[in-house]
Protein chains: 2
Amino acid sequence: MVTPGRRRVTIADVASHAQVSVTAVSKVIRNAYGVSPAMRERVKNAIDELGYRPQVVARGMRGRTFTIGLMLPHIRNPFFADILDGLTEYLQSTDYQAFMIQGGATRKVESRAVDALMDRQVDGIIMVAPLASKARLEEVAKEKPTVVLARHERSSYYDSVHDDDEAGAELVVNHLIALGHRRIAHITHQDDSHARPSDLLHNIRAATYERVMREHGLADEIAVAKSFHHERGGYEGARELLSRSPRPTAIFAGADQAALGALAAVHEAGLAVPVDVSVAGYDNTHLGALPYIALTSVDQDGAVMGRAAGQLLLERVEGRMSAVRFTVTPSLVVRGSTGEAA
Amino acid sequence: MVTPGRRRVTIADVASHAQVSVTAVSKVIRNAYGVSPAMRERVKNAIDELGYRPQVVARGMRGRTFTIGLMLPHIRNPFFADILDGLTEYLQSTDYQAFMIQGGATRKVESRAVDALMDRQVDGIIMVAPLASKARLEEVAKEKPTVVLARHERSSYYDSVHDDDEAGAELVVNHLIALGHRRIAHITHQDDSHARPSDLLHNIRAATYERVMREHGLADEIAVAKSFHHERGGYEGARELLSRSPRPTAIFAGADQAALGALAAVHEAGLAVPVDVSVAGYDNTHLGALPYIALTSVDQDGAVMGRAAGQLLLERVEGRMSAVRFTVTPSLVVRGSTGEAA
DNA sequence: GAGGATTTGGGTAACGGTATCCATGTTTCT
DNA sequence: AGAAACATGGATACCGTTACCCAAATCCTC
């Protein structure tokens with residue numbers, strides 16, 4: 001039973017209870033060399049009897065904290081939940097624990113979040129779609145093992161995990177063109193990032209959209225709404241696109257969240273999906289699969305990405321210095337929100 | 001510039017750079033008594049010049065970590081994002097940082113997550129909709145300042161923040177009855193909790209549903225699907241309810257996430273909302289506001305709850321021992337998913 | 001101007017672990 | 001049997017802060 005304000009059990013308590021030295025207990029905890037099976041048994045019993053748990057901050061002063069920091073821009077995108085699930089599933093078989101921190105919408109807040117992680121001596125950092133410049137990411141990576149998700153630049157200081165956004169965007173635009181669409185518009189995202197634009201996934205998707213359009217002789221039909229990859233962003237972007245004349249017959253939103261908003265705008269304009277306007281997204285979030293939404297989208301396996309990120313990070317924690325890139329190949333999931341051009 | 005593997009700047013580095021004692025630096029950092037303005041200035045300059053940042057684990061060994069742990073069951077529910085936003089907004093004006101950890105779907109995983117927080121010496125813990133028994137919560141609360149969200153029991157060891165789920169559920173059921181519905185069904189959540197059932201919000205919503213039905217002489221029409229408060233849960237629950245004969249004309253899902261799934265089931269059954277079946281949810285998440293979903297729901301202000309939780313927790317960290325309950329009053333947001341009974 | 005109070009700065013023992021080094025006892029090998 | 005190698009357990013410096021002390025200097029007060 002825990003009594004109020006009782007001092008936490010320490011390694012010294014375990015040692016005296018087991019009648020052994022502190023060193024011995026430490027060795028058992030760390031699974032270090034130099035303890036006999038009998039000693040191990042004895043110490044383990046004492047640990048169990050006292051309910052001892054090592055204090056991570058104390059361990060952190062000399063060794064590891066067994067903590068990895070996960071920076072997410074926010075937690076509204078269900079796609080991030082997939083990443084987190086993959087990561088936690090992977091970490092379950094290890095001694096490490098993941099802690100999330102919200103990066104927010106600006107570089108400043110994000111930077112503070114990452115600093116907070118480093119101040120707390122995490123053993124490694126995973127950043128999802130960070131806004132920071134490559135230089136800043138490398139600065140972080142020089143101090144702590146780092147894995148960056150959803151950014152495309154190559155760095156020799158950190159590992160990268162991302163999907164092939166070019167392939168994904170191509171799938172969508174080709175799909176729409178194959179359905180006979182010509183006036184295909186795109187909703188992209190504006191960021192506060194200091195990254196090279198071409199390293200950010202939304203810019204890659206947008207650039208690919210333009211490229212494929214051009215390749216099909218549709219350069220004149222290119223229409224891009226610079227908005228945001230969230231619901232309101234998609235809504236406003238789509239409103240703007242639909243107000244153009246002639247209006248697009250298809251909208252490729254750079255993310256499902258935005259596509260959900262776009263659907264709202266289409267609906268509000270009194271238009272039907274996909275009869276009047278086809279809508280496609282990216283990420284294949286659960287929501288899109290709901291039959292009354294039935295959003296055509298690009299699937300990138302978030303769980304696989306999360307798992308890979310965890311694995312790469314722990315490899316780095318264990319000492320790997322070379323940089324690794326892990327790329328997942330996306331696939332198109334066609335649903336009812338896209339159909340033949342009118 | 002940071003060179004690879006460079007040792008982090010410590011308080012001793014600052015002290016020698018400023019030609020003062022370690023104590024003096026520590027005092028300045030902590031804003032403690034006993035430093036002249038000149039000394040303060042001098043030390044602050046040294047801190048800036050060296051880019052010094054206190055190492056939280058070291059501070060944690062003696063005092064605070066300025067870290068608060070936020071346990072969320074998962075990050076799929078957008079309602080949790082509202083809570084987080086309220087909390088982070090509040091913490092912005094303080095020295096504290098919030099870290100999230102995923103509690104998961106079972107008591108065992110949740111307990112491990114909370115242990116992980118305590119092992120890391122967080123200054124306080126906020127638990128959102130925990131599964132643990134009241135006894136376990138109090139055990140945690142005896143060790144660390146604790147605030148529990150979305151649970152209804154009174155404890156003298158921790159503060160509680162929740163909405164008046166009874167009032168909220170009543171609003172929904174009364175609304176449906178006023179629309180002329182009689183065969184109103186409910187989708188509830190099954191949990192792995194060891195709490196007293198009547199302290200869990202989904203059970204309160206379910207019990208209130210039954211009570212109001214009875215009060216209106218609709219005891220015979222009570223129909224409850226024991227499922228889960230997520231999309232698939234709502235989908236399966238609704239399927240089951242719709243297969244009954246006669247089928248309900250209205251479904252009150254205990255959470256928006258479940259309502260989204262219920263809408264899918266209704267749609268799949270070839271029925272129209274709200275003409276054939278009205279659907280209502282709880283939480284008033286962003287998604288429900290999308291016009292093509294237009295979900296009637298109960299609004300409980302998540303941001304306010306998050307802010308309150310942060311404030312109460314810091315008060316506890318500062319020493320308050322008495323327990324506080326913070327209750328928000330929900331309101332009904334009527335949208336297109338509910339209409340007159342057929 | 002003596003004595004006490006106050007201000008200012010610093011020395012240093014914790015905090016709870018880790019990991020290096022060392023001492024002792026036990027095998028193994030020739 | 002003696003030496004070398006190995007296995008086992010322990011003493012202890014150290015990690016980077018905090019906060020409790022104390023000492024010296026300055027300021028009042030009568």
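Below, read A as the first sequence line, B as the second, and so on, with proteins coming before strands; counting in each chain starts at 1. Everything quoted here is computed from the prediction, not taken from an experiment.
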Positive for side-chain contact (heavy atoms from CB on, under 4.5 Å) with B:P130, one of B:L72, B:I125, B:V148: B:V148
Atom-to-atom span, CD of A:Q55 to C1' of C:dG17 - whole angstrom: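 Rounding to the nearest Å, CD of A:Q55 and C1' of C:dG17 are 9 Å apart.
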Protein-nucleotide distance (B:R53, atom CZ; D:dT17, atom C1'), rounded to Å: 16 Å
Any N/O donor-acceptor pair, B:T23 side-chain to C:dG11 base, under 3.5 Å: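 Looking at the base of C:dG11, it does pair with a donor or acceptor on the side chain of B:T23 (distance under 3.5 Å).
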Interatomic distance, B:D119 CG vs C:dG16 C1' [rounded to whole Å]: 13 Å
5'-most by nearest nucleotide on DNA chain D - B:V22 or A:V22: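 First, find each residue's nearest nucleotide; the 5'-ward one identifies A:V22.
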Side chain of A:I11 (C-beta onward), nearest among C:dT18, D:dG9, C:dG11: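 When the side chain of A:I11 is considered, C:dT18 is the closest of C:dT18, D:dG9, C:dG11.
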Basic-acidic side-chain contact under 4.0 Å: B:D115, B:R136: yes
Donor-acceptor under 3.5 Å (A:T146 side chain, A:K144 main chain): yes
hbond_proxy B:R62 side chain to C:dA14 base (donor-acceptor, 3.5 Å cutoff): yes
Ion pair B:R196/B:E153, N-O distance below 4.0 Å: no
Separation of D:dT17 C1' from B:F66 CZ (nearest whole Å):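 Taking CZ of B:F66 and C1' of D:dT17, I get 12 Å after rounding.
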Indicate every side-chain donor-acceptor pair of residues 308-320 of chain B with a distance under 3.5 Å to a residue at least two apart or in another chain.
{"residue": "B:E315", "atom": "OE1", "partner": "B:R320", "partner atom": "NE", "Å": "3.0"}
{"residue": "B:E315", "atom": "OE1", "partner": "B:R320", "partner atom": "NH2", "Å": "3.1"}
{"residue": "B:R316", "atom": "NE", "partner": "B:D159", "partner atom": "OD1", "Å": "3.1"}
{"residue": "B:R316", "atom": "NE", "partner": "B:D159", "partner atom": "OD2", "Å": "3.1"}
{"residue": "B:R316", "atom": "NH1", "partner": "B:Y157", "partner atom": "O", "Å": "3.3"}
{"residue": "B:R316", "atom": "NH2", "partner": "B:D159", "partner atom": "OD1", "Å": "2.9"}
{"residue": "B:R316", "atom": "NH2", "partner": "B:S322", "partner atom": "O", "Å": "3.2"}
{"residue": "B:R320", "atom": "NH1", "partner": "B:D159", "partner atom": "OD1", "Å": "3.2"}
{"residue": "B:R320", "atom": "NH1", "partner": "B:D159", "partner atom": "OD2", "Å": "3.2"}
{"residue": "B:R320", "atom": "NH1", "partner": "B:S322", "partner atom": "O", "Å": "2.7"}
{"residue": "B:R320", "atom": "NH2", "partner": "B:D159", "partner atom": "OD2", "Å": "2.8"}
{"residue": "B:R320", "atom": "NH2", "partner": "B:L312", "partner atom": "O", "Å": "3.2"}

Touch class at under 4.0 angstrom, heavy-atom based, for B:V57 against every strand present: nothing
Contact list for DNA chain D against residues 24-38 of chain B - heavy-atom distance below 4.0 Å: B:S26, B:R30
Side-chain (B:R42) to main-chain (B:A38) donor-acceptor, under 3.5 angstrom: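 Here the side-chain-to-backbone pair does not exist.
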Integer-rounded Å distance: C:dG17 C1' and A:Q121 CD: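 Rounded to whole Å, this separation is 14 Å.
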Short side-chain donor-acceptor distance under 3.5 Å, A:T67 and A:Q97: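 Note: A:Q97 and A:T67 side chains miss the donor-acceptor criterion.
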Rounded distance (Å) that lies between atom P of C:dG16 and atom CE of B:M61: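 Whole-Å distance recorded here is 6 Å.
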base_contact_polar (D:dT17 base, B:R59 side chain, donor-acceptor, <3.5 Å): no
Closest nucleotide among D:dG10, C:dG10, C:dG17 to the B:V20 side chain: C:dG10
For atom CG of B:L50 and atom C1' of D:dG16, their distance in whole Å: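 My rounded result for the distance is 15 Å.
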Polar side-chain contact B:T10-D:dT17 base: donor and acceptor under 3.5 Å: no
